[in-house]
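One structure is given below, encoded as structure tokens.
All residue numbers in this chain count up from 1 along the given sequence. Values below: all heavy atoms of this structure, side chains included; hydrogens, waters and symmetry mates excluded.
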Amino acid sequence: MDNEKIIERIAEIEREIAVLPAGGVSKKNVHGNIYYYHRITQNGKRMEKYVKAEDVDELKSNIEKRKKLEKELKKLKQYMPKEKNLDFKTKVIVGNRLKSLVSITRNYKKRECIQILRDYIFKDIDDKVFILYGLRRTGKTTLIRQIILELSESDFNKAAFIQVTSKDSLSDIDEDLRLLEKNGYKYVFLDEMTLMEDFIEGSALFSDIYASSGMKIVLSGTDSLGFAFSKEEQLYDRCIMLHTTFIPYREFENVLGIYGIDEYIRYGGTMSLGGINYNASTPFSNIKDTEEYINTSIAKNIQHSLKMYQYGGHFRQLLDLYEKGELTNVINRVVEDMNHRFTKSVVERITANNLLGDRVDSLNLDKVTLGIKNMLDILNKEEQSVDISDVHMTQIKEYLAILDLIKEIDLEYLPEVNQKSKIIVVTQPGLRYAQAEAIVENLLLDEKFQELDIQKRTRILERLLSEIRGKMMEDIVLLETKLAKKDKHVFKLQFPIGEFDMVVQDPKTLSCEIYEIKYSKERACEQYRHINDEEKCAMTTHRYGNITGRYVIYRGENTEMDTIQYLNVEDYLKSL
């Protein structure tokens, strides 16, 4: 293995070790009852924390994984060449080792958001730090490596990369920054800053001391809440923030080299799908990996940030769940519940419109779909080990929104103009689809489905998944249009009978465009019957202004039919 690959593997191992538990598991027999404890040593003191019996195997597995990685890390470091030692306290990489570390991304295409980072690095912006944050596997470390590669040779020699671990302290980082500053370093990139326990309380150090003296400081991490808290308090108005979590279809295609709305629905949300430009496997390829991603990247992310900030002062109504050791489970359940509700809404839509086609022999379609909905309700109850109140749900959704995992789209009604509601869209479509697909595949185990022959069961399963992809395509178009057209009002419009899948209103010109969004590749006049309905259009004009365009977004070719513009969905999303 050459030096470049060794350095890359060392960095990868160190990131993995940082989030894996240390120590060991002890067992105690108290009056005939067995209790398990997680034993660790901190600052020379041995500490023990009670562990539920059902969590012991996972904890032991993660501890063993950490030990194996530590052995591999020790072995790899023996092969690394020795460089000038400035006696750093933390993991500081400079010079040739830094060149090897960043070179792996030399041929990677760049996300569009790198321009914001580029402006900070190369333009005259003083007294501010740059915060690069987002969920795991959304390209944060890659962006850092790519911007380092853009430095001139002289500036590269003034650049340093610090791989922060949970063992590091703010005072250690401060010492290393002083040493770097003394030796003429100007560009410092600190990865996984939020792993450090005292980061949030002391984050003003980076702007007040180092950025103000001309050093460019880029902080990166996966605990988005931690950075959000820092921005509101310690780093108020002294930082530039770039969130990497949302990856639009355009970047999924251009950067990863993966094409098609179906692929985006299945795997969109991370920069990890194996394609032309990026080679890591996707976390959404199966339900087990998806649930692991939700647990580590979302649930534990939130809990870690809350624990680290002001001694838990932001737990609010979630404190009781945290103290019971249930918080990460409940956050997982909230994410699952949203996706269960989404799947259930698709099933109800299928039932209402009889979209499964022919009646299934002697079985009534309503009974089949009722069985589906009952199964979803049972799953919700079985998986919920603790009651989730509306207060808990609301607060967790607030934090999911800060993480950019969910966005809300307005759902408006005519003629009931005072009635309004929200559509919750998950910004990582692959996550939602993986959970929805797993739920639907479980339908094959339902007793009513077992009464059908395999051809009919398969046809129903395929139709359900097709409808789920269709509803997700609607949500993707709504979300990306809303985010791209910030000066417009983008919403879904519901009538007593029928709906406009999307309305884009311009409040300045008092005009609007109306859209139908269809998963089909074919064209048919019934696809645009609602946006051609005179009564619906008259109500829309009265409420939102003149209708300047009628469109159908679908998977077929761009064309026109009966004055209705048909737009290919991939072309439309790339044009935003």
Worksheet item: For D487, does the CG atom sit with more than 12 other heavy atoms under 6.0 Å from it, leaving out its own atoms?
Response: yes
Discussion item. Would the distance check show the side chain of D562 and the main-chain N or O of I564 forming a donor-acceptor pair, the cut-off being under 3.5 Å?
Written reply: no
Worksheet item: Would a distance-only check, ignoring hydrogens and angles, find a side-chain to backbone donor-acceptor pair under 3.5 Å from T427 to F246?
Response: no
Item to complete: Please name all residues satisfying side-chain contact (heavy atoms from CB on, under 4.5 Å) with E462, sequence neighbours left out, ordered by chain then number.
Response: T458
Item to complete: Could you tell me which residues satisfy side-chain hydrogen bond (donor to acceptor under 3.5 Å, both in side chains) with E557, sequence neighbours excluded, listed by chain and number?
Response: none
Discussion item. Quick check: closest heavy atoms across P496 and L414, and the distance to 0.1 Å?
Written reply: CD-O, 3.2 Å
Worksheet item: Checking E570 side chain against I261 main chain: does a donor-acceptor pair fall under 3.5 Å?
Response: yes
Discussion item. Can you list everything that forms a ring pair (Phe, Tyr, Trp, His ring centres under 6.0 Å) with Y264? Sequence neighbours excluded, please.
Written reply: Y249, F252
Response to the item:
Closest non-hydrogen contact found for L132 with I144 is CD2-CG1, 3.8 Å
Practice prompt. Would you confirm whether K536, through its side chain, and I497, through its main-chain N or O, come within 3.5 Å as a donor-acceptor pair?
Written response: yes
Worksheet item: Is R529 paired with E526 through a side-chain N to carboxylate O contact shorter than 4.0 Å?
Response: no
Discussion item. Closer than 3.5 angstrom, by distance alone: can the side chain of S345 be matched with the main-chain N or O of F342 as a donor-acceptor pair?
Written reply: yes
Practice prompt. Give the C-alpha distance, both sets of side-chain angles, the deciding distance and a yes or no for side-chain hydrogen bond (donor to acceptor under 3.5 Å, both in side chains) between R136 and S297.
Written response: CA-CA 6 Å; R136 282 176 52 225; S297 299; 3.0 Å; yes
Worksheet entry | Residue pair S511 / Y544, side-chain donor-acceptor N/O under 3.5 Å | no
Discussion item. Using side-chain heavy atoms (C-beta onward) and a distance below 4.5 Å, is M393 in contact with V334?
Written reply: yes
Fill in: Rounded distance (nearest 0.5 Å) linking atom CD1 of I121 with atom CD1 of I148
8.5 Å
Worksheet, complete the sentence: salt bridge (Lys or Arg N to Asp or Glu O under 4.0 Å) pairs touching residues 544-556, sequence neighbours excluded, are D262-R555
Worksheet item: Less than 4.5 Å apart, any side-chain heavy atom of V569 and any of M473?
Response: yes
Worksheet item: Can you name the nearest heavy-atom pair linking R137 to P283, along with the distance?
Response: NH1-CB, 3.8 Å
Worksheet entry | side-chain hydrogen bond (donor to acceptor under 3.5 Å, both in side chains) partners of Y572, counting only residues at least two apart | T481
Practice prompt. Check whether any side-chain N or O of T245 sits under 3.5 Å from a backbone N or O of L135 as a donor-acceptor pair, and report yes or no.
Written response: yes
Worksheet item: Shortest non-hydrogen contact from T244 to G134?
Response: OG1-CA, 3.6 Å
Practice prompt. Evaluate the side-chain contact (heavy atoms from CB on, under 4.5 Å) criterion for residues F130 and I116: first the C-alpha distance (whole Å), next the side-chain angles of each, then the deciding distance (0.1 Å), finally the verdict.
Written response: CA-CA 10 Å; F130 192 95; I116 302 171; 3.9 Å; yes
Discussion item. Does any part of the side chain of K492, heavy atoms only, come nearer than 4.5 Å to the side chain of M502, both counted from C-beta?
Written reply: no
Discussion item. Can you tell me which residue among K518, Q527, R523, E516 is in a side chain to side chain donor-acceptor pair (under 3.5 Å) with Y566?
Written reply: Q527
Worksheet item: With sequence neighbours left out, what residues match K422 under salt bridge (charged side-chain N to carboxylate O under 4.0 Å, His left out)?
Response: D410
Fill in: Qualifying ring pair (Phe, Tyr, Trp, His ring centres under 6.0 Å) pairs with a residue from residues 419-438, counting only residues at least two apart or across chains
none
Discussion item. Considering only residues two or more places apart or on different chains, which pairs with a residue in residues 508-532 satisfy ring pair (Phe, Tyr, Trp, His ring centres under 6.0 Å)?
Written reply: Y515-Y551
Worksheet item: Does the pair R463/E467 count as a salt bridge with the N-to-O cut at 4.0 Å?
Response: yes
Practice prompt. Mark yes or no for whether R111, through its side chain, and E251, through its backbone, hold a donor-acceptor pair below 3.5 Å.
Written response: no
Fill in: Partners passing ring pair (Phe, Tyr, Trp, His ring centres under 6.0 Å) against Y293 (at least two apart in sequence or in another chain)
F284
Worksheet item: Does E437 reach the main-chain N or O of I468 with its side chain, forming a donor-acceptor pair under 3.5 Å?
Response: no
Practice prompt. Any chance you could measure I114, atom CD1, to I147, atom CD1, to the nearest 0.5 Å?
Written response: 4.5 Å
Discussion item. Quick one: does any side-chain atom of Q428 pair with a main-chain N or O of G268 as donor and acceptor, under 3.5 Å?
Written reply: no
Practice prompt. Check the pair K109, N254 against side-chain contact (heavy atoms from CB on, under 4.5 Å), reporting the backbone distance first and the verdict last.
Written response: CA-CA 8 Å; K109 289 193 175 181; N254 292 342; 5.6 Å; no
Worksheet item: Any side-chain heavy atom of I396 within less than 4.5 Å of one from Y399?
Response: no
Discussion item. Ignoring hydrogens, what is the shortest heavy-atom contact between N568 and N558? Give both atom names and the distance.
Written reply: N-OD1, 2.7 Å
Item to complete: Kindly determine whether R250 and E112 satisfy side-chain contact (heavy atoms from CB on, under 4.5 Å), including the steps that lead there.
Response: CA-CA 10 Å; R250 179 180 63 253; E112 295 167 10; 2.7 Å; yes
Practice prompt. Please report the shortest heavy-atom distance between C113 and L242, naming the atom on each side.
Written response: O-CD2, 3.5 Å
Fill in: E291 and N295: side chain donor to acceptor below 3.5 Å
no
Discussion item. When you compare the side chains of N332 and N329, does any donor N or O come within less than 3.5 Å of an acceptor on the partner?
Written reply: no
Worksheet item: Just wondering, do T540 and C512 contact through their side chains at under 4.5 Å, heavy atoms?
Response: yes
Discussion item. Taking the basic N atoms (NZ, or NE/NH1/NH2) and the acidic carboxylate oxygens, is any pair closer than 4.0 Å for E150 and K110?
Written reply: yes
Response to the item:
CZ of R432 to CG of N339, rounded to nearest 0.5 Å, is 4.5 Å
Discussion item. Going by side-chain contact (heavy atoms from CB on, under 4.5 Å), name the residues that satisfy it together with K420, two or more places apart in sequence or in a different chain.
Written reply: E412
Item to complete: Please identify each residue that fulfils side-chain contact (heavy atoms from CB on, under 4.5 Å) with L149, with sequence neighbours left out.
Response: V102, T105, R106
Item to complete: Give, for atom CG of N286 and atom CD of E292, the distance between the pair rounded to the nearest 0.5 Å.
Response: 11.0 Å
Worksheet, complete the sentence: In this structure, OG1 of T343 is separated from CD1 of I439 (nearest 0.5 Å) by 4.0 Å
Discussion item. Would you say that S220 contacts M193 through its side chain, given a criterion of any heavy-atom pair below 4.5 Å between the two side chains?
Written reply: no
Discussion item. Within the 4.5 Å heavy-atom criterion, are P415 and F495 side-chain neighbours or not?
Written reply: no
Worksheet item: Side chains of V552 and L567: closer than 4.5 Å at any heavy-atom pair?
Response: no
Worksheet item: Could you state the interatomic distance from CD (E474) to CD1 (I423), rounded to the nearest 0.5 Å?
Response: 8.5 Å
Practice prompt. For the pair L573 and I553, evaluate side-chain contact (heavy atoms from CB on, under 4.5 Å) and give the outcome as yes or no after the intermediate values.
Written response: CA-CA 10 Å; L573 293 173; I553 297 175; over 6 Å; no
Discussion item. So, using side-chain contact (heavy atoms from CB on, under 4.5 Å) as the criterion, who are the partners of E535 when residues are at least two apart?
Written reply: D533, M539
